[in-house]
Amino acid sequence: MILEFIVAALKAAIPAGTPLLFGTLGEIYAERSGVLNLGVEGMMIMGAVTGFGVTLATGNVWLGITFAAMAGGLLGLVHAFLSITLRANQVVSGLALTMFGLGMSGMLGKRYIGTPPPCRLRVAPIPLLRDIPFLGPILFQHDPLVYLSVLLVPLLWFVLFKTRAGISIRSVGEAPATADALGVNVFLVRYLCVFLGGVLAGLGGAYLSLVYVPAWIEGMTAGAGWIVIALTIFAMWSPGRALIGAYLFGAVKVLQYRLQPLGVSPNLLNMLPFIFTIIVLLAGTGEVIRKRIGAPSALSIPYAREEK
Amino acid sequence: MPERGERGEVVVSMRGIVKRFPGVVANDQVDFEVRAGEIHALLGENGAGKTTLMNILYGLYSPDEGEIYIRDKRVTISSPRDAIELGIGMVHQHFMLVYPHTVAENIVLGLSSADFFFPLREVRGKITEFSERYGLKVDPEAKIWQLSAGEQQRVEIIKALYRGADVLILDEPTSMLAPGEIEELFTTLRRMAEEGRAIVFITHKLDEVMAISDCVTVLRRGKAVATVEKSRTNKQHLTRMMVGREVLFRLRRKPVEEGQIVLEVKGLHALNDKGLPALKDLSFIVREGEILGVAGVAGNGQRELVEVITGLRQATEGQVVLLGENITNCSPGEIIGRGVAHIPEERIRMGLVPGMSVAENLILKAYRRSPCSQRLFLNHTFIDQHAERLISEYEIATPSKDAPAKLLSGGNIQKLILARETSEEPVLIVAAHPTYGLDVGATERIRQLLLEQSKRGAAILLVSEDLEEIMTISDRIAVMFEGRVVGIVDTAGAEVEEIGSMMVGAGKEQERGRS
């Protein structure tokens with residue numbers, strides 16, 4: 001009985017953390033290239049509404065997911081254009097996109113309220129692995145998007161730390177003038193990273209409206225985009241720790257649902273993720289300072305090649 | 001190194017280069033040629049256009065007029081990438097490195113020949129190869145921020161060599177190095193020249209030109225004055241070309257008669273930023289009208305000493321006594337009020353407010369009092385007159401008294417600080433590295449200003465890493481090593497070798513010439 005409860009809770013933590021994982025992986029790339037993207041919340045929710053709408057119209061959930069990613073990527077490009085090409089303040093641009101996304105999705109999604117999705121992503125258990133006792137049900141009985149997000153972790157880590165492209169991305173975020181002097185196209189690298197960040201945020205949003213909930217609810221991201229920003233710091237800008245952080249938050253969210261029937265005040269439970277955010281930030285920054293791993297030095301500073 | 005008469009082929013030829021920036025002509029019809037196998041010094045005062053000329057060659061600036069030929073082929077260099085492809089490498093004065101990354105990652109950055117996956121594997125081996133061939137010792141796995149300035153410079157040189165540079169430009173390469181590291185750098189440069197590489201060495205230091213170069217081109221106010229072989233010139237000749245007039249090299253002073261003791265430091269102890277002991281039982285005195293030079297290798301407690309005296313750092317033990325009164329651990333404001341002037345080490349960060357005007361910077365110490373202000377209001381008539389008087393008196397070259405101080409050149413910023421600090425006739429001046437990084441003309445002017453102040457009767461504590469400066473203007477020299485004064489000698493009888501050996505810790509038991 002107790003064991004079943006634990007298995008069920010842990011199994012539920014993974015899908016609950018998956019939107020955060022997508023978002024955090026994307027934000028890590030954007031920030032590694034030196035662009036702070038506070039528009040994650042807006043990109044996620046635009047992904048959620050677009051994915052839901054396209055699925056409803058076409059009846060194809062994969063088409064919905066693709067369009068959600070594109071919607072997030074498009075907003076990412078807007079942020080890139082404002083903050084890289086026009087060198088606008090990244091904080092202002094990001095906040096504007098979040099507000100735009102929240103408002104726009106509310107308007108677009110009005111007619112979807114209360115409509116169930118026509119189809120949903122099926123759980124695809126992995127043969128053999130699913131039968132491992134205890135671990136099997138927790139790790140290997142999920143839908144394809146969960147597997148995709150998990151596969152992205154080593155892939156994005158490898159690109160960032162073991163390829164020439166990764167060295168370029170990290171250098172652009174630390175010392176853009178140096179990278180520029182060595183022939184790296186600073187603007188292109190930043191555009192690509194911010195675009196990728198938007199795409200992944202859009203996927204995270206689609207996961208919410210098409211798999212996790214699944215339905216369209218106005219404002220359904222409910223601050224997930226902001227938790228992503230905190231998780232990026234907790235992850236110390238590294239994909240591996242993003243996975244741990246995202247699932248920790250997933251567990252907190254599950255706890256929220258499991259404790260409610262036991263009579264704990266729902267208001268208190270609603271605060272849980274954000275209390276946990278503060279704890280995570282405290283722990284994360286402590287470690288950042290100890291290990292001398294700071295944010296990328298050029299984070300949130302627009303780059304311009306200047307003559308004297 | 002080729003003998004005279006059998007010089008290498010011309011690798012780089014810049015002809016009639018003109019570069020204009022708003023309000024100035026940085027390069028005016030400059031011709032410049034470098035040959036294979038030679039170390040070519042590019043000599044000139046700050047602002048003479050040396051760096052601009054080389055930035056043009058490296059593709060960072062595009063020239064307004066003129067032509068560049070590499071091995072007799074006309075080329076257009078519009079970006080550093082073009083320059084790298086033509087075999088030109090440049091080591092900037094402020095290193096272009098990614099500090100949190102490793103040496104290997106820095107070298108591979110932007111290198112299209114490296115593998116896409118695991119690019120660092122092959123690089124590590126090659127770094128070791130370069131290290132051994134040229135004596136450029138550096139660990140490929142070390143992070144840049146962990147390295148000394150000398151090691152960082154080696155990374156820059158390897159970076160250029162890795163990209164196949166056979167023309168290597170070094171901008172003021174010795175300015176951040178310790179004396180031992182300078183010798184190592186020179187050895188490396190000689191070895192590279194022997195292999196047929198052309199080395200361009202930008203500097204404003206004559207000693208270095210005489211020590212390392214085969215050939216010298218002198219720039220003055222954006223124009224090439226002359227190109228001469230080193231063996232056919234000397235320091236005086238070069239100075240004349242560089243400055244356009246003779247400069248005093250020895251500002252020998254009249255002996256000072258015994259004056260009143262102005263500053264007395266007794267058994268001083270203090271900690272550094274890391275909380276470790278930086279000053280250990282330090283004692284000395286400075287008299288009225290005297291300049292006490294504090295010599296020593298950087299990081300032996302000089303900075304902490306200056307900060308304790310000026311109230312910026314707490315002493316843990318001991319006393320600082322000014323004119324018989326104990327000022328230990330008083331606030332900087334109180335210490336200023338008692339007539340102590342401070343010419344700080346980091347002149348832009350600590351010496352002025354870069355965004356404020358020259359006139360405002362000149363009253364930073366006096367604005368709280370009459371005549372600068374009455375009650376809540378500033379007296380602008382007085383402030384303007386005050387600024388105009390000091391600008392002309394101290395020869396501060398500025399577009400106007402209302403221009404932001406950050407627009408001034410290094411020498412003029414220092415003159416501004418001296419004007420503010422000395423115009424109120426302080427009893428004690430604490431000057432930290434007052435001529436660091438300044439050109440010959442400004443250096444001379446600053447030294448003269450300090451001498452004038454001491455003639456007036458101010459006591460001066462002069463902290464400098466430039467031994468020549470200390471020997472030139474101070475009356476006595478205190479040598480610091482590991483937070484202690486290892487000896488105090490009279491300048492008149494002092495030998496450079498003796499002071500040099502004290503600087504590296506060969507302490508003296510009895511202090512000579514302590515009055």
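If you're wondering where the values come from, they're calculated on a predicted model, not measured in any experiment. Scope of the values below: all heavy atoms of this structure, side chains included, with no hydrogens, waters or symmetry mates. In the text below, chain A, chain B and the rest are named by the order of the sequence lines, each starting its count at 1.
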Enquirer: Would you mind checking which part of B:Phe95 comes under 4.5 Å of any heavy atom in chain A, side chain (CB onward), backbone (N, CA, C, O), both or neither?
Expert: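 Contact with chain A involves no heavy atom of B:Phe95 at all.
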
Enquirer: Distance check, rounded to the nearest 0.5 Å: B:Phe116 atom CZ versus A:Thr163 atom OG1?
Expert: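 B:Phe116 atom CZ to A:Thr163 atom OG1 measures 4.0 Å (nearest 0.5 Å).
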
Enquirer: Can you tell me if A:Tyr191 has over 12 outside heavy atoms packed within less than 6.0 Å of its OH?
Expert: yes

Enquirer: With respect to chain A, which residue among B:Pro100, B:Gly110, B:Ala83 yields the maximal number of heavy-atom pairs within a distance under 4.5 Å?
Expert: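 Option with the greatest count: B:Pro100.
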
Enquirer: Report, as yes or no, whether the 6.0 Å neighbourhood of atom CZ on B:Arg221 holds more than 12 heavy atoms from other residues, nucleotides or ligands.
Expert: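 No, the 6.0 Å shell around CZ holds no more than 12 heavy atoms from other groups.
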
Enquirer: Here's a test for you: under side-chain contact (heavy atoms from CB on, under 4.5 Å), which of B:His101, B:His92, B:Met96 qualifies with A:Thr178?
Expert: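 Checked B:His101, B:His92, B:Met96 against A:Thr178; only one passes side-chain contact (heavy atoms from CB on, under 4.5 Å): B:Met96.
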
Enquirer: So which part of B:Asp115 gets closer than 4.5 Å to some heavy atom of chain A, the side chain, the backbone, both or neither?
Expert: backbone

Enquirer: Flag the pair B:Leu111 / A:Leu182 as yes when at least one side-chain heavy-atom distance between them is below 4.5 Å, and no otherwise.
Expert: no

Enquirer: Hey, is the main chain of B:Ala114 close enough, under 3.5 Å, to the side chain of A:Arg164 for a donor-acceptor pair?
Expert: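 Yes: the side chain of A:Arg164 pairs with the backbone of B:Ala114.
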
Enquirer: Checking side-chain contact (heavy atoms from CB on, under 4.5 Å) between A:Ile167 and each of B:Thr102, B:Leu109, B:Ile107, which is the one that passes?
Expert: B:Leu109

Enquirer: Looking at chain A, which one of B:Ser79, B:Gly59, B:Ser112 has the largest number of heavy-atom pairs inside 4.5 Å, strictly under?
Expert: B:Ser112

Enquirer: Aromatic ring centroids of A:Phe161 and B:Phe118 under 6.0 Å?
Expert: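 Between A:Phe161 and B:Phe118, the centre distance exceeds or equals 6.0 Å.
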
Enquirer: Output the option from B:Leu97, B:Ile84, B:Asn55 having the highest count of non-hydrogen pairs under 4.5 Å with chain A.
Expert: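 Sorted descending by pairs with chain A, the first entry is B:Leu97.
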
Enquirer: What are the two closest heavy atoms between A:Ala181 and B:Pro80, and how far apart are they?
Expert: O-CB, 3.0 Å

Enquirer: Is it the case that atom CG in A:Leu128 sees more than 12 heavy atoms from other parts of the structure closer than 6.0 Å?
Expert: no

